[in-house]
Amino acid sequence: RGRRNVLFIMADDLRPSLGCYGDSVVKSPNIDQLASKSQVFLNTYAQQALCAPSRASMLTSRRPDTTRVYDFNSYWRDQSGNYTTLPQYFKSSGYFTASVGKIFHPGISSNFSDDYPYSWSIPAYHPPSFHYEKKKLCKGDDGKLHVNLLCAVNVTEQPGGTLPDLESTEEAVRLLKSWANNDAPFFLAVGFHKPHIPFRIPQEYLSLYPIENMTLAPDPNVPEFLPPVAYNPWTDIRGRDDVQKLNVSFPYGPIPKDFQLRIRQHYFAAVSYMDAQVGRLLSSLDALGLADDTMVVFTSDHGWSLGEHGEWAKFSNFNVATQVPLMFYVPGITIPRDQLGESTFPFIDILTQPKYRFKNDKVRRNVVELVDVFPTVASMAGLRAPEHCADVSFQEELCTEGDNLAHTFRRRERG
Amino acid sequence: KDEEAIAYSQYPRPADTPQVNSDVPDLKDVKVMGYSLRSWDYRYTLWLGYNPKTFQVNVSDVHAGELYILADDPGEDKNIYSDLEQSVVIKKLSTLP
């Protein structure tokens, strides 16, 4: 192979509540292991804390004012310009590109096709069990099934005996196996649905976070001098059966403290569940002998407020809503080739292996943005990074409004 | 290379006060856009009038502002925009593209 493959992993609504970002509560051993062999950007920010605009922005490397995608009802190729996406760029460079799970926001904002065939060599895969995500499948205290926010389940009792991210992992592994012996390089994007609400997750992950160990956000009240326009009333969680029962006042709440603790417990458990899927995926990459010529990118579309400022959502400009994890594993660069052992990413089952320790060797503290991802991934994979856009670039199909961070991989951080 | 690293974000709102569509307003309902710039040291946000038909922001139509000094206030809980509204810092930041 002349070029590096790319495994591009995205979580949904994941703030940097991860061990590798210094969080002492969250258990994320597999992402921490990836971070220990990656360059980790500690201060990365999304351009808008909403799925469709953020993903369109990151994947085209244009800011929302250039994509003109601010909601769920616009497709950038119709709305603003025929911009080239990150996967499209790889596809046009000879890569086989595939999307598993949620990479583009589905629906209107990706032309009901996840931007296929522009971006992908084959139609995007969506896990069939996602169909049930908003159905009455969560057992309530009354023993009946509800559409709840808090929805830890026995997976064997769910339709099909599975959950969306489990299915996405299986499909991604299946694709990796089918490509393991191909000569053509691949760009595989895997978008996990968690820790996005509802917290429909395997119930065993809750046991990692005993409720008596949970704490409230350090600043759980709406700040006194916050302008009302800056506040979001987190309407999406208010519609869930279990939250409706709380009779929380609109728009400021608050949510009762015991329920706040349970939301935080479920979010952290959802992170650990998603981490396990990342671990399954990376250990398969490893087992197939692909870890030494595949770069791995891990990030999220935006963050989520876990009670900070009295909010329970993204939908704002607060750091907790806009900050995301970002790391790049580039074999031979973020880890010397002679340190690539037989097993680079052994799966760590946090349910049975609670003790682990990793150290981040390469971190960058300077502020970066998700619009930087496109030129950086292209460059680190061995392709030419797009040129910087002109001030007005609606007619330019290929350019970037971000910075190519490739130079940061070899130079010491300044300032 | 010596320039300060800045990250930009933005968020649309349909009104100056929270209402049912404040979280995810349809484009046609957007009246205000909150533009943020953040560095290692601070987050500065201006909420400006916005026309969704022309996609134009009115930089002289300031609905609100936020300024958080992150070294003192990492959780962004003490908005000091009003305290420093007339200061040199704000004037300088307001002239950024």
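A note on names: the letters A, B, ... follow the listed sequences, proteins ahead of strands, and every chain is numbered from 1.
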message: For A:Phe225 and B:Tyr81: C-alpha separation, side-chain torsions, deciding distance, then whether ring pair (Phe, Tyr, Trp, His ring centres under 6.0 Å) applies.
response: CA-CA 9 Å; A:Phe225 297 109; B:Tyr81 175 82; over 10 Å; no
- prompt: Among all residues two or more places apart in sequence or in another chain, which pass the disulfide (SG to SG under 2.5 Å) test with A:Cys51?
  reply: none
message: ring pair (Phe, Tyr, Trp, His ring centres under 6.0 Å) for A:Phe104 and A:Trp76? Distances and angles first, verdict last.
response: CA-CA 12 Å; A:Phe104 287 102; A:Trp76 74 91; 5.5 Å; yes
- prompt: Does any heavy atom of chain B fall under 4.5 Å from the side chain of A:Thr44, the backbone, both, or neither of them?
  reply: neither
message: Can you tell me which portion of A:Thr235 sits under 4.5 Å from chain B's heavy atoms? Options are side chain, backbone, both or neither.
response: both
query: Is it the backbone or the side chain of A:Pro64 that comes under 4.5 Å from a heavy atom of chain B, or both, or neither?
result: both
task: Anything under 30° is parallel, anything over 60° is perpendicular, the rest tilted; go ahead and classify A:His105 against A:Phe72.
output: parallel
- request: Sort out for me which residue in A:Asp372, A:Val324, A:Leu370 forms a side chain to side chain contact (heavy atoms under 4.5 Å, CB included) with A:Met58.
  value: A:Leu370
message: Cation-pi check for A:Phe394 against A:Arg68: NZ or CZ below 6.0 Å from the six-membered ring centre and within 45 degrees of the axis, yes or no?
response: yes
message: Using heavy-atom distances under 4.5 Å, tell me whether A:Asn73 contacts chain B through its side chain, its backbone, both, or neither.
response: side chain
task: Look at the side chain of A:Asp71 and the backbone N and O of B:Leu27, then say whether any donor-acceptor pair between them is shorter than 3.5 Å.
output: yes
For chain B, the option from A:Asp403, A:Asp391, A:Asn232, A:Asn319 that forms the most heavy-atom pairs under 4.5 Å: A:Asn319
query: A:Asp65 versus chain B, heavy atoms under 4.5 Å apart: side chain, backbone, both or neither?
result: both
task: Please flag which part of A:Gln47 lies under 4.5 Å from any non-hydrogen atom of chain B: side chain, backbone, both or neither.
output: both
statement: Applying a strict 4.5 Å limit to non-hydrogen atoms, the region of A:Gln79 in contact with chain B is side chain
- prompt: Given the options B:Thr17, B:Val57, B:Val24, which has more heavy-atom pairs under 4.5 Å with chain A than any of the others?
  reply: B:Val24
- request: Go through A:Ser57, A:Ser316, A:Ala46 and name the one with the most non-hydrogen pairs under 4.5 angstrom from chain B.
  value: A:Ser316
query: Does A:Arg62 use its side chain to pair, donor to acceptor, with the backbone of A:Val371 at less than 3.5 Å?
result: no
query: chain B heavy atoms under 4.5 Å from A:Ala313: which part of the residue, side chain, backbone, both or neither?
result: neither
message: Counting only non-hydrogen atoms closer than 4.5 Å, does A:Asn317 touch chain B with its backbone (N, CA, C, O), its side chain (CB onward), both, or neither?
response: both
- request: Determine the option with the most heavy-atom pairs under 4.5 angstrom with chain A, choosing from B:Ser36, B:Pro74, B:Ser22.
  value: B:Ser36
Side chain / backbone / both / neither for A:Pro228 at chain B, heavy atoms under 4.5 Å: both
field: Residue among B:Pro18, B:Gly75, B:Ala64 with most heavy-atom pairs under 4.5 Å to chain A
entry: B:Pro18
query: Relative to chain B, which of A:Phe318, A:Tyr231, A:Phe250, A:Phe315 shows the most heavy atom pairs under 4.5 Å?
result: A:Phe315
- prompt: With sequence neighbours excluded, what pairs up with A:Arg240 under the salt bridge (charged side-chain N to carboxylate O under 4.0 Å, His left out) test?
  reply: none
field: Check: B:Asp16 and B:Trp47 side chains under 4.5 Å, non-hydrogen atoms
entry: no
message: At a 4.5 Å cut-off on heavy atoms, which part of B:Arg38 comes close to chain A: side chain, backbone, both, or neither?
response: both
message: If you count heavy-atom pairs within less than 4.5 Å of chain B, which of A:Arg238, A:Arg63, A:Lys314 leads?
response: A:Arg63
- request: Specify whether B:Tyr50 and A:Tyr70 have parallel, tilted or perpendicular ring planes, treating 30° as the upper limit for parallel and 60° as the lower limit for perpendicular.
  value: perpendicular
task: Below 4.5 Å from any heavy atom of chain A, which atoms of B:Gln10 appear? Answer side chain, backbone, both or neither.
output: both
